[in-house]
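Structure first, commentary second.
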Amino acid sequence: GEEFFRNSTSTHNSRFISNKHPTVPLAKQHRLHIMSVSEIPMNIEEMGDDESFDEGEDEMDSYITMNVGEKKFLTKDEGVQKELLVEGHGFEQPEKGDEVFVHYVGTLTDGTKFDSSRDRDGHFSFKLGVGQVIKGWDVGVATMKKGEKCNLVCTSDYAYGTNGSPPTIPANATLNFEVELFQWKSIKDICGDGGIIKTVTTKGDGYKKPTEVDEVIVTYKATMADGSIKEEESVTFAVSSPVICPGVKEILKTMLKDESATCVIKDEYSGEAGGAITLDITLVGIITVEKIESDGSVSKKTLKEGSGWNRPNEGAKVGVRLTGYLPDGTKFEETPEGELTRWVTDEEQQIPGLDKAIMKMKEEEKALITIAAKHAFGDREMKKPLATIPPNTDISYEIELVELEKAKETYSMKPEEKIEYCESMKAAGNALFKLAKKERALKKYTKALGALDSDNDFSDEQKDKAKAFKAVLHGNSAAVQLKLNQYKEAKQSCNKALEVDGGNVKCLFRRAQASAALNDNEEAEVDIKKLLETDPNNREARELLKTVKAKVKAQYKKDKAVFGNMFAKGDLYKEEPAIAKKAEDMDSFLGDDADDDQDGDEAGDGDMAASHGHSHGGAPCDGNHGDHEHKAEE
C-alpha cells in the first residue's frame, strides 16, 4: 500500500523517532518512514521503554463522565476533543502499558476516509501510553470504557504535525477518528527493568494481594528455557519461598484472588533455571499470615475467615476452642469436647503471645497461632494436661473464636461509670506496682486518665472527683516513669498533677528528681525549696538538695578547667562568684545538715540514683505528705 511519513519537527511528534533507527539523529528534522496506509495510527517502530514517553503538562484526568452526544476537550490546550457515541460498561478504564483492542475509522475534516481497521480482519491493537500511536490516541483511548464508541478530533499537534503524512494527510491536518474499544490486556513490567512481563488473562476479585509473609494456593504451568514443562494444580506454599524461580514471588504480590496471568520471566528473576521462562499462573487462594509481633515471633495464619469486624479489645471476655502443639506435632492441651476455654484479655490470664493474638481475630475466625518461647513459657518447664512443654520451646495453637463479649469503651460510658472505671484502674495499677510490674501499672493509670479526657457531661461533684483522680493518677504515673528512667515523661506527669494541686509534696519531689536526672538543676532546686517550705524536716528532699548542690559545684569546676585559662589574664570569667554564692545559698538553706566537704564531689549521680529508691519517688502516693513510708494506696 501507499506509504506515509511522520515528521519530527513538532514538539509532540519528535517522540515518534525510533530507537531502532540510530542512524537518524533526533536533532535532524527529517521525515521518518513509519507505516503503511493500512496502519495509519500505529507507529510500527518500537518506542523503547515506558519512560521514553512524556505525557506532557496539557493532559487532564483520564477519568471523565459524559453523556451520549456530549463533547468534551481532553487536554487543556483543546488539542483533543471527545464526543461520546455509545456508552461503555462498568467503571474500569485501560491503564498505561495495557494492550488495547479497537476498531477505528480515520477521516479528514472534509469527510475523506484515509484508513479503517474495519476494512481488515481482526481488531487493531497497541500498547497504550508509550508512544506507539499518535498522541491524540494515547490521550483519548485512556478515557474509554469497555464497549464504548467515541469520536476523537485531534489537532495536528496531537496527530502528524506540520508535515502531515503525504499524500493522504496534509500538513497541519486536524483528524477525526471513530474509535470503538473492545477489550484490553493488562501488561505490566513488574520490576521496571524488563525482567518480568506480566499479561493478565483473567481478572481477579476483591482488593487483597498476597504479602511476602502470606501463603498462597496456585495452579501453574511453566515452560522452561529448554522447552520442558512443569505444572501443578492447587499447590500451597509461602510467598517468600516460591516454586519454579524467584520471580514468582514478585508476580504473586501483584495478583488478586482468582486472577490468571501469563508471565515471561528472565534474567536474575529466573534463578538457577536460567534463560526465559513462560509461566501461566492462577491464584486460587490467599492464606493470610499476620505478624502479631513485628519480628514474627508471634504470628497468625487464618484458616477460616471470621464474620463481621468485631475483634476483642482489652478487657474482653472470650470463649475459644483451642488445641496446643509442640514443634513435633504433639498435643499438650485441648479444649474438652462441648466446652470452651475462657479468659479475660489483657489480664495475664493467658500467655502473652496467645492473649495478644486473640485480639487480632474476628468472631468465628479459625487460625493457627505460632508463638516463640519468649512470648510463651520462656525458660520454664510447664506441665500441661496432655504433655509437658520443655523450657525454651516454641509452641502453636489452632484456635477458633466462638464467643466474644467486648469490654465497654470509655467513650460510651456514663459519668458514674467513668468514675467507677477510674477507681478500678487505679487500684489495679497500684497492685501491679507492688508486684514490680511497672509497665502494666503505667498502662492502667493511662487508661484511667483516658476515661477522663472529656467531662462535659459530668456534674459539678463528678468534676471535682475527676479533678482529684487526675492529680493522683498523674502523680502515680510519674512514680512509675521514674522507676523506668523515663525522666521527661515523669516531669510532664508531675506538671499535670501540679496544675491541679500545686502544693502536692510528692509531685514536687518527683519533679525535682526528674529535673536532677535531666541536669535541670536550677529547676530541681526551686521545687525542693518549695517542698521544704511545707515540710522542712523532709530528709529525702534535703538529701536531694545536697545532691543538686554537689552537681552544680562539680559542673562549675569542670567549666572552669575547660574555659578558666582563656580568661585568667583579663579576669573576664565572672561565673565563679555567682556559682559560689548559689552554693552558699544552698548551704544556708540546708542549715546544720549541709555537708561541709570543700570540693563538693562526694555527692553525685550515684546519690541521685539511690534517691529514686526512696518512698517519695518510688511508690504511688496515698495523700499523706508527711509520711515517709508511702504505700500504694492512692
Side-chain angles (χ1 to χ4, degrees), residues 39 41-53 55 62-63 86-104 117-118 120-150 152 177 179-210 218-223 231 244 247-248 250-266 269 276-284:
E39 295 171 321
M42 178 73 175
N43 178 3
I44 297 299
E45 304 298 336
E46 187 60 39
M47 287 303 303
D49 60 28
D50 290 1
E51 286 73 23
S52 65
F53 175 49
E55 295 183 5
S62 64
Y63 190 84
V86 177
E87 194 170 356
H89 312 301
F91 297 95
E92 293 184 333
Q93 296 173 320
E95 298 177 356
K96 180 179 177 180
D98 290 348
E99 183 180 6
V100 296
F101 295 81
V102 302
H103 265 321
Y104 68 90
S117 65
R118 296 187 184 276
R120 300 184 293 275
D121 293 334
H123 298 136
F124 174 73
S125 66
F126 65 95
K127 193 174 181 181
L128 182 65
V130 297
Q132 289 186 347
V133 292
I134 60 173
K135 188 172 184 181
W137 269 46
D138 276 330
V139 172
V141 175
T143 70
M144 297 179 70
K145 302 178 181 69
K146 187 176 181 180
E148 180 180 320
K149 184 187 287 188
C150 70
L152 297 176
F177 292 96
V179 182
E180 183 175 4
L181 176 61
F182 290 89
Q183 62 177 326
W184 64 86
K185 290 182 180 179
S186 178
I187 301 177
K188 303 295 180 188
D189 182 352
I190 290 178
C191 299
D193 57 6
I196 304 175
I197 303 299
K198 172 190 169 190
T199 303
V200 176
T201 54
T202 303
K203 287 195 168 187
D205 298 324
Y207 62 91
K208 178 174 171 55
K209 298 176 181 178
V218 304
T219 293
Y220 72 89
K221 177 181 178 181
T223 303
E231 56 185 319
I244 304 297
V248 173
E250 305 304 323
I251 294 167
L252 287 168
K253 290 191 287 186
T254 70
M255 298 184 73
L256 299 171
K257 184 178 179 296
D258 294 329
E259 179 181 320
S260 296
T262 298
C263 306
V264 178
I265 310 168
K266 57 185 181 180
Y269 302 104
I277 300 171
T278 301
L279 176 71
D280 294 305
I281 186 169
T282 299
L283 180 56
V284 178

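Just so you know, these numbers use all the heavy atoms, side chains as well, and skip hydrogens, waters and symmetry mates.
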Item to complete: Show your working on salt bridge (Lys or Arg N to Asp or Glu O under 4.0 Å) between Lys203 and Glu92 and close with a plain yes or no.
Response: CA-CA 12 Å; Lys203 287 195 168 187; Glu92 293 184 333; 2.3 Å; yes

Worksheet item: Between Phe124 and His103, does a ring-ring contact (aromatic ring centres under 6.0 Å, His included) hold up when you go through it step by step?
Response: CA-CA 6 Å; Phe124 174 73; His103 265 321; 9.4 Å; no

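Between the side chain of Thr278 and the backbone N or O of Thr223, no donor-acceptor pair lies under 3.5 Å. Checking side-chain atoms of Lys127 against main-chain N and O of Lys96 turns up no donor-acceptor pair under 3.5 Å. Panel note: side chain Ser117, backbone Tyr104; a donor-acceptor pair is recorded below 3.5 Å.
More than 12 heavy atoms of other shown residues, nucleotides or ligands fall within 6.0 angstrom of atom NZ in Lys145. The environment of CD in Glu87 is sparse: at most 12 heavy-atom neighbours from other residues, nucleotides or ligands sit within 6.0 Å.
Within the 4.5 Å cutoff, the side chain of Leu181 has heavy atoms near those of the Val100 side chain. At least one side-chain heavy atom of Asp193 sits less than 4.5 Å from a side-chain heavy atom of Tyr269. Within the 4.5 Å cutoff, the side chain of Lys198 has heavy atoms near those of the Met255 side chain. By the 4.5 Å heavy-atom criterion applied to side chains, Lys185 and Phe101 are counted as neighbours. Side-chain contact between Phe126 and Asp138 is present, with heavy atoms from C-beta onward closer than 4.5 Å. Annotation: side chain of Glu180 is not in contact with side chain of His123 (no heavy-atom distance under 4.5 Å). At a threshold of 4.5 Å between non-hydrogen side-chain atoms, the residues Trp184 and Lys146 count as touching.
Taking both residues in full, the closest heavy atoms of Ile196 and Glu250 are given as CD1-CB, 3.9 Å, listed atom of the first, atom of the second, then distance. For the residue pair Leu252 and Val218, the shortest heavy atom distance occurs at CD2-CG1, 3.9 Å. In this structure, Val179 and Met144 approach most closely via the heavy-atom pair O-CE, 3.5 Å. Pairing each heavy atom of Glu99 with each of Ser125, the nearest pair is OE2-OG, 3.5 Å. Considering every non-hydrogen atom in both Leu279 and Ala222, the closest pair reads CD1-CB, 3.8 Å. When all heavy atoms are compared, the tightest approach of Gly247 to Ile265 is CA-CG2, 4.3 Å.
Note on Lys188 versus Glu95: salt bridge recorded, some NZ/NE/NH1/NH2 to OD/OE distance being below 4.0 Å. Salt bridge absent: Lys209 and Glu259 never bring a charged side-chain N and a carboxylate O closer than 4.0 Å.
Listed by chain and number, the residues in a side chain to side chain contact (heavy atoms under 4.5 Å, CB included) with Ile197 are Ile187, Asp189 (sequence neighbours excluded).
Tyr220 OH to Ile244 CD1: the interatomic distance, rounded to the nearest 0.5 Å, is 4.0 Å. Of the inter-residue distances, the one linking Ile277 atom CD1 with Cys263 atom SG reads 11.0 Å to the nearest 0.5 angstrom.
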